[in-house]
Amino acid sequence: MDYSYIFRSAKIKKDSLKAAGFTTSDDNSYEMEVPVSNGTFKADITLVLSEQTLTVQLFDSATGEKYALFDMPSHGAFVASLREEVQKIINDIKTKCFETNDLKDDYIAWIKSKFGAEPDYPWPDDAPYSFVFRCPNEKWFALVMRIKYRQLGLTGDENVWVVNMKADQDAIPNLIDHKSIFPAWHMNKKHWITILLTAVTDFYKLCELTGKSFTLVNKA
């Protein structure tokens, strides 16, 4: 199963990998084996720095055979319990080996200081974690919200803070990198983009693009 979404939300701390239990022979591909379900299974965890991938394969400890159901869509209680246990392992790796601070609070503080705008919650019942910042013309130039990685086409069911903002239509194809900047979620992709508010995002670029969004929206 693919857990590479971690690289979209955090920066790797390479020096911490060995202390966390990873081994490597080439200083690029790191591996770790962790018992699961009281040793009934073993999780083979592989992290490749050059490709920014983190994957897990589950094997039966007695037979050595790969447990295929772990990778298949399933809602069975037993498979779900295995995935939950592996997810806790992945979360522990994320805590130990990645810088996980998000940019949301710093970003909100910057918007308030730069534009004198306060967050407005237009959908308190349907989307209580979504809020907008408006221009003097009352149109909003930034929509901050909490969605799931999979809603951006990434693997992972964790929540992530993002911001939707307007961008120059001709510039959008060159801005999209599918790492920190994506086609707009739930909005017109010809005019809007979605940016992760995570440690992988360049804060200065985020602010620059927000300023452009303000200009585009304020003159509309």
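Along the sequence shown, the residues carry numbers beginning at 1.
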query = Leu216 and Asp168: which non-hydrogen atoms are nearest, and at how many Å?
reply = CD1-N, 3.6 Å
message = Please check: side-chain N/O of Asp71 versus main-chain N/O of Met1, any donor-acceptor pairing under 3.5 Å?
response = yes
task = Could you tell me whether the side chain of Val132 reaches within less than 4.5 Å of the side chain of Val144, counting heavy atoms only?
result = no
key: Partners meeting side-chain contact (heavy atoms from CB on, under 4.5 Å) with Gln87 (sequence neighbours left out)   = Tyr3, Tyr5, Ile90, Asn91, Glu158
task = State the CD-NE2 distance between Gln169 and His191, to the nearest 0.5 angstrom.
result = 4.5 Å
key: Candidate pair Leu175 and Lys205, rule side chain to side chain contact (heavy atoms under 4.5 Å, CB included), full reasoning   = CA-CA 10 Å; Leu175 290 174; Lys205 186 173 184 178; 4.3 Å; yes
message = I want to check something: taking the side chain as every heavy atom from C-beta on, are Phe115 and Trp110 in contact at a cut-off of under 4.5 Å?
response = yes
query = Leu82, Met72: one ILVMFWY side-chain cluster at the under-4.5 Å cut-off?
reply = yes
request  = Locate the shortest heavy-atom distance separating Leu206 from Met165; write the atom from each residue and the value.
outcome  = CD1-CE, 3.9 Å
Show me, pair by pair, the donor-acceptor contacts under 3.5 angstrom made by side chains of residues 182-190, not counting sequence neighbours?
{"residue": "Asn188", "atom": "OD1", "partner": "Lys190", "partner atom": "N", "Å": "2.8"}
{"residue": "Lys189", "atom": "NZ", "partner": "Ala184", "partner atom": "O", "Å": "2.9"}

Sub-6.0 Å ring centroid separation between Phe214 and Phe133 = no
ask   = Which distance, rounded to the nearest 0.5 Å, do you find between the CG of Asp202 and the CG of Leu103?
value = 9.5 Å
ask   = Short question: side chain of Asn28, backbone of Ser50 - any donor-acceptor pair under 3.5 Å?
value = yes
pair Lys212-Cys207: side-chain heavy atoms closer than 4.5 Å = no
query = Do side-chain atoms of Glu85 reach the backbone of Ser37 as a donor and acceptor pair under 3.5 angstrom?
reply = yes
task = Verify the cluster assignment for Phe98 and Trp161: are they in a single hydrophobic cluster under the rule of side-chain heavy atoms below 4.5 Å apart?
result = yes
query = Shortest non-hydrogen contact from His178 to Leu154?
reply = O-CD2, 4.3 Å
query = Can you get from Ile172 to Ile181 by hopping between Ile, Leu, Val, Met, Phe, Trp and Tyr side chains that sit under 4.5 Å apart?
reply = yes
Connected via hydrophobic side-chain network under 4.5 Å: Leu49 and Ile45 = yes
inquiry  = Distance alone, cut at 3.5 Å: any donor-acceptor contact between the side chains of Asn38 and Thr40?
reply    = no
inquiry  = Please list all pairs meeting salt bridge (Lys or Arg N to Asp or Glu O under 4.0 Å) that have one or both residues in residues 107-116, counting only residues at least two apart or in different chains.
reply    = Lys112-Glu118
ask   = Any salt bridge (Lys or Arg N to Asp or Glu O under 4.0 Å) pairs touching residues 37-51, not counting sequence neighbours?
value = Glu33-Lys42
inquiry  = When you compare the side chain of Thr198 with that of Val162, does any pair of heavy atoms fall below 4.5 Å?
reply    = no
query = Taking all atoms of both residues into account, what is the closest heavy-atom pair of Val36 and Ala43, and its distance?
reply = CG2-CB, 3.8 Å
note = d(Cys97 SG, Met32 CE) to nearest 0.5 Å is 6.0 Å
key: Heavy-atom check, side chain of Phe131 versus side chain of Trp123, under 4.5 Å   = no
ask   = Measuring from Lys11:NZ to Thr201:OG1, what's the distance to the nearest 0.5 Å?
value = 9.0 Å
query = Any side-chain heavy-atom pair from Val56 and Phe70 closer than 4.5 angstrom?
reply = yes
ask   = Do other residues, nucleotides or ligands put more than 12 heavy atoms under 6.0 Å from the CZ atom of Phe203?
value = yes
Minimal non-hydrogen separation, Gln151 against Lys148, with atom names = OE1-N, 2.7 Å
key: Atom pair CE/CG of Met145 and Leu197 - distance to nearest 0.5 Å   = 9.5 Å
Audit row: Asp92, Lys88, salt bridge (charged side-chain N to carboxylate O under 4.0 Å, His left out) steps and yes/no = CA-CA 6 Å; Asp92 185 57; Lys88 290 180 180 179; over 6 Å; no
request  = Check whether any side-chain heavy atom of Lys13 sits under 4.5 Å from a side-chain heavy atom of Glu99, and report yes or no.
outcome  = yes
Leu47 vs Phe7, side chain to side chain contact (heavy atoms under 4.5 Å, CB included): CA-CA, chis, key distance, verdict = CA-CA 10 Å; Leu47 188 154; Phe7 284 95; 4.1 Å; yes
key: Which atom of Lys96 lies closest to which atom of Ser16, heavy atoms considered   = O-OG, 3.2 Å
query = Ignoring hydrogens and geometry, is there a side-chain-to-backbone donor-acceptor pair from Thr24 to Ser29 under 3.5 Å?
reply = yes
inquiry  = Tell me which pairs pass salt bridge (Lys or Arg N to Asp or Glu O under 4.0 Å) where either residue lies in residues 21-30, with sequence neighbours left out.
reply    = Lys14-Asp27
Under 3.5 Å: donor-acceptor pair, side chain of Asp177, backbone of Ser180 = yes
key: Derivation and outcome, side chain to side chain contact (heavy atoms under 4.5 Å, CB included), residues Leu196 and Val163   = CA-CA 7 Å; Leu196 297 180; Val163 56; over 6 Å; no
query = Tell me, which pairs form a ring-ring contact (aromatic ring centres under 6.0 Å, His included) where one or both residues lie in residues 14-45, sequence neighbours left out?
reply = Phe41-Tyr67
query = Just how far is it from atom CG of Asp120 to atom CD of Glu138, taken to the nearest 0.5 Å?
reply = 8.5 Å
task = Would you check if the side chain of Ser61 reaches a backbone N or O of Gly39 as a donor-acceptor pair within less than 3.5 Å?
result = yes
query = Under a 4.5 Å cut-off applied to non-hydrogen side-chain atoms, are Leu54 and Asp2 in contact?
reply = no
task = Consider only side-chain heavy atoms of I, L, V, M, F, W and Y, link residues closer than 4.5 Å, and tell whether Ile89 and Phe78 are in one cluster.
result = yes
